[in-house]
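Each chain gets a letter, A, B and so on, in the order the sequences are listed, and its residues count up from 1.
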Number of protein chains: 2
Amino acid sequence: MPEPDAPVRGDVEACAALGDDLGWALGVLARTYRDVAKQAFGDLPGGARGYQVLRYAAKWGPAGGPGTGEAPATQLALAQQLGIDRTVMTYLLDDLERAGVVERHADPADRRARRIAATAEGRARLAELDARLREAEDVVLRPLSGEEAAAFRGMLQRLATQVDEGTAAAACDEAAADLR
Amino acid sequence: MPEPDAPVRGDVEACAALGDDLGWALGVLARTYRDVAKQAFGDLPGGARGYQVLRYAAKWGPAGGPGTGEAPATQLALAQQLGIDRTVMTYLLDDLERAGVVERHADPADRRARRIAATAEGRARLAELDARLREAEDVVLRPLSGEEAAAFRGMLQRLATQVDEGTAAAACDEAAADLR
DNA sequence: TATTGTTATACTCTATAACTATA
DNA sequence: TATAGTTATAGAGTATAACAATA
């Protein structure tokens, strides 16, 4: 994730020259959202990636007891699900564990594997993050009316999933790659 | 610009879990467009950045005669307009010049400065690129009907420029930063 | 002394490969 | 032999700083 840059002179004028293509607008919006979301993530290790991992880990109960009964995902499963390289997952989990939001538990059935579960603190953190992200979305969509925003969200969702073409898998691959 | 990654197993399933927030959809769409556009750029040095530079340079005439009468932009002006670091601009122009699409001309009034102009070949290349980019946009928006696509474009444009808030400048800064 | 453009250096991510401990 | 996780190494991309030429 690139650092926020110092303001640059001349960009406003450049907008007049650049702001007429889809790619540009898309880039601006995605970047704007990312910056707003970044603030929401705060010091959560890994930013958006850390959030996704936490969100996945939170599907299972806090340390001590399973929330559902299903076994928490292993590091490898998590990495594959989110499209993150398993070596990167190691670093990411190191940081998330140090931050106290997830825990690695030895799998009794396979001592090579580690099961990843969110801690109670991690769950609380996740609830906060979800709320803040909803706010971030509202900020980004503020220029639109309520109806428009709903329509925009719907179309965006359709575009992202590309249900009409066989490209859903590819789109998802891209999304996952985006997290890398 | 990240390289296209090898397909990753499991992303499709992950989509079901991830695909419910704006940030995710935005990321997918921006990434999808970027990949499609990347193909359109072909071997143009610098990808999207190279395109923007070429586009700017093409505002002035091919080598030998000014198209308008205004002097072509200097490297520094170009860098500031597009929000690219001037050291990066050096490398980028090296590549674009080697590719034969732009030329550096000494400024008679200030021998430190270099004026950047598109070559005839650069202009032809730009026309191609513009056409291909329009196609790329169509591909990305294909899931929408004609009416929807128009509405989507309009809303996206409004969101990107954020005219209702005083954030236009900030948004443009972000857009420029995006090119870095 | 300040500015334009260039070159050199360092830092951040990410990708690849090598290693361990289990299976 | 293959797999889960870790660690080490190397590459691309970018930012920072030093430099030469000119103002």
Task: Gap between atoms CG and P, on B/Asp110 and D/dA23 respectively (whole Å) - done: 6 Å

Task: Side chain A/Arg112 and base D/dT3 donor-acceptor under 3.5 Å - done: yes

Open item on the list: Less than 4.0 angstrom from a charged side-chain N to a carboxylate O is my criterion; do A/Asp95 and A/Arg98 meet it?
Closed with: yes

- [ ] Taking atom types as modelled, find out whether A/Arg115 and A/Gln75 have a side-chain donor-acceptor pair closer than 3.5 angstrom.
- [x] no

Task: Spacing of A/Asp85 atom CG relative to C/dT14 atom P, expressed in whole Å - done: 10 Å

- [ ] Starting from C1' on C/dA23, measure out to CG on A/Asp107 and report it in whole angstrom.
- [x] 12 Å

TODO: Starting at atom NE2 of A/His105, determine the distance to atom C1' of D/dG5, rounded to an integer number of angstrom.
DONE: 17 Å

Open item on the list: When you compare the side chains of B/Asp85 and B/Tyr91, does any donor N or O come within less than 3.5 Å of an acceptor on the partner?
Closed with: no

- [ ] Nearest whole angstrom, please: distance from the P of C/dT12 to the CG of A/Asp95.
- [x] 14 Å

Task: Rounded distance (Å) that lies between atom P of C/dG5 and atom CZ of B/Arg86 - done: 9 Å

Listing time: all N or O pairs from protein to nucleotides 7-9 of chain C that are below 3.5 Å?
none

Open item on the list: What contact category does A/Arg104 fall into here, base, sugar-phosphate, or nothing, at under 4.0 angstrom with non-hydrogen atoms?
Closed with: sugar-phosphate

Task: Selected nucleotide, minimal atom distance to B/Leu76 side chain, candidates C/dT4, C/dT22, D/dG5 - done: C/dT4

Open item on the list: Using whole Å, what does the distance between atom P of nucleotide C/dT14 and atom CD1 of A/Ile84 come to?
Closed with: 10 Å

TODO: Identify whether the distance between the nearest side-chain nitrogen and carboxylate oxygen of B/Glu148 and A/Arg158 falls below 4.0 Å.
DONE: yes

Open item on the list: As an exercise, state the distance from CZ of B/Arg86 to CG of B/Leu93, rounded to the nearest 0.5 Å.
Closed with: 13.5 Å

Task: Cationic N near anionic O, under 4.0 Å, B/Asp43 to B/Arg125 - done: yes

Task: Pair of N/O donor and acceptor under 3.5 Å linking D/dG5 base with A/Arg114 side chain - done: no

